[in-house]
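We number each residue from 1, following the sequence as shown.
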Amino acid sequence: MNNMPYNLAGLAAGLAAGHSPQGFEPARYRAVFISDVHLGTKGSKAEMLAAFLADASCETMYLVGDIIDGWRLKRSWFWDRHHDAVLRTILRHARHGTEVIYIPGNHDEMLRDWLPIGLEIAGVRLAEEAVHVTADGQKLLVIHGDAFDSVVRYAAFLAHLGDHAYTAALVLNRWFNWGRRHLGYPYWSLSAWLKRQVKEAVKFIDSFEVALAQEAKSREMDGVVCGHIHHAEMRMIGTTRYFNTGDWVETCSALVEHHDGRFELIDWPTAIRARVPVVPPGREAAPADAPVADEAAVPA
């Protein structure tokens with residue numbers, strides 16, 4: 001694996017402006033699914049997502065909830081040019097013919113108030129859920145998934161109590177990766193790794209996945225695409241296909257369908273390292289500023 005640094009900021013800006021590095025081929029998909037971006041928080045990896053969206057072209061784009069973090073924005077405001085770039089790039093996809101469907105989650109639940117009127121803004125259509133028909137004719141239920149999270153479903157205030165622990169994990173993750181960048185190593189999610197080590201978290205994730213698969217099966221669907229738990233996954237549960245898009249806070253992942261019907265989970269930090277030329281020794285990008293200590297919490 002190549003551990004040399006690369007200029008992600010320059011790449012994102014260039015792709016957003018329609019300019020690609022030499023030898024950098026755009027990715028073309030039938031469908032793209034992203035969720036849990038949490039725009040409005042410092043934990044959002046909006047710069048990475050802006051580069052991914054600018055690089056990709058697709059027929060249909062599903063925004064599978066928690067794109068904007070209304071919970072956090074109610075308490076404090078954080079918004080920078082990278083967050084703007086994400087929204088501009090999504091709207092540009094819509095203007096150029098991509099069908100964009102926005103399925104609100106629990107963090108952007110304020111948008112659910114507009115669902116009954118079938119609101120569409122600048123080519124982006126709001127929907128409570130969707131059914132995606134794959135290239136080979138299979139039907140996939142597309143839903144955020146918070147309705148199947150017992151903490152959110154039965155006691156929403158308890159979910160907010162998790163802010164403090166998750167804040168600490170994200171602060172640690174931010175400082176950890178700041179140090180890695182200084183040493184010339186690529187991004188790696190410490191907070192996601194820590195979460196996978198917790199037995200109860202693993203148990204909850206499995207129960208969540210089974211519940212979503214059972215819901216899809218009860219509706220005579222072939223599978224389900226969801227987000228919410230910040231855990232990218234693609235597997236069979238019985239006879240049902242289960243997909244989770246992951247997130248753009250910890251893992252920076254997206255689910256895509258290729259034109260031949262294949263599905264793939266894109267690990268963007270790994271994918272971009274494999275495609276961007278290595279920065280020559282002595283010409284590394286200047287290290288980013290040290291992270292601030294008030295990292296925004298982004299619980300599921």
Among the clusters formed by ILVMFWY side chains lying less than 4.5 Å apart, do [X] and [Y] turn up in the same one?
| X | Y | value |
| --- | --- | --- |
| M234 | I229 | no |
| I237 | L140 | no |
| M61 | V124 | yes |
| V142 | M221 | no |
| F148 | V131 | yes |

Does [X] reach the side chain of [Y], with side-chain heavy atoms less than 4.5 Å apart?
| X | Y | value |
| --- | --- | --- |
| I103 | I143 | no |
| R88 | R92 | no |
| F208 | C226 | yes |

Strictly distance-based, threshold 3.5 Å: is any side-chain N or O of [X] a donor or acceptor partner for the main-chain N or O of [Y]?
| X | Y | result |
| --- | --- | --- |
| T245 | L255 | no |
| D84 | L87 | no |
| D108 | I67 | yes |
| H230 | G246 | no |
| T41 | F78 | no |
| K139 | V133 | no |
| H83 | G40 | yes |
| W248 | S253 | yes |

Heavy atoms only: give me the nearest [X]-[Y] pair and the separation to one decimal.
| X | Y | answer |
| --- | --- | --- |
| D66 | N106 | OD1-N, 3.2 Å |
| S35 | G227 | OG-CA, 3.5 Å |
| P104 | L115 | CD-CD2, 4.3 Å |
| D260 | A135 | C-CB, 4.4 Å |
| A216 | L141 | CA-CD2, 4.5 Å |
| T251 | P269 | O-CD, 3.9 Å |

**Report entry** Geometric class of the F52/W268 ring pair [parallel <30°, tilted 30-60°, perpendicular >60°]
**Finding:**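 Rings of W268 and F52: perpendicular, as their planes differ by over 60°.
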If I take atom [atom1] from residue [X] and atom [atom2] from residue [Y], how far apart are they, to the nearest 0.5 angstrom?
| X | Y | atom1 | atom2 | result |
| --- | --- | --- | --- | --- |
| Q138 | R241 | CD | CZ | 5.0 Å |
| I34 | I90 | CD1 | CD1 | 5.0 Å |
| S57 | H96 | OG | NE2 | 11.5 Å |
| D113 | L126 | CG | CG | 10.5 Å |
| R125 | E120 | CZ | CD | 7.5 Å |

Report task. Apply side chain to side chain contact (heavy atoms under 4.5 Å, CB included) to K45 and L49, showing your working. Result -> CA-CA 7 Å; K45 302 297 186 295; L49 178 56; over 6 Å; no
Query raised in the report: Which of these passes side-chain contact (heavy atoms from CB on, under 4.5 Å) with C58: L53, V100, T98, V256?
Result: T98
Query raised in the report: Is the number of heavy atoms from other residues, nucleotides or ligands under 6.0 Å of E59 CD greater than 12?
Result: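 Atom CD in E59 is packed in, count exceeds 12.
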Report task. May I ask you to check whether H107 and D69 show a side-chain donor-acceptor distance below 3.5 Å? Result ->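 Indeed, the side chains of H107 and D69 share at least one donor-acceptor pair under 3.5 Å.
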Requested in this report: Can you spot which of H228, E109, E129, E128 makes a side chain to side chain donor-acceptor pair (under 3.5 Å) with H144?
Outcome: H228
Report task. Verify ring-ring contact (aromatic ring centres under 6.0 Å, His included) between F243 and F263, making sure each step is shown before the conclusion. Result -> CA-CA 9 Å; F243 303 95; F263 277 80; 4.8 Å; yes
Query raised in the report: For I101 and L63, what are the C-alpha separation, side-chain angles and deciding distance, and is it a side chain to side chain contact (heavy atoms under 4.5 Å, CB included)?
Result: CA-CA 6 Å; I101 302 171; L63 309 176; over 6 Å; no
Report task. Taking the six-membered ring for Trp and the single ring otherwise, decide whether the centroids of F33 and H132 are under 6.0 Å apart. Result -> yes
Query raised in the report: Are the ring centres of H258 and Y29 closer than 6.0 Å?
Result: yes
Query raised in the report: side chain to side chain contact (heavy atoms under 4.5 Å, CB included) between E257 and T134: does it pass, once the steps are laid out?
Result: CA-CA 8 Å; E257 181 190 10; T134 67; 3.5 Å; yes
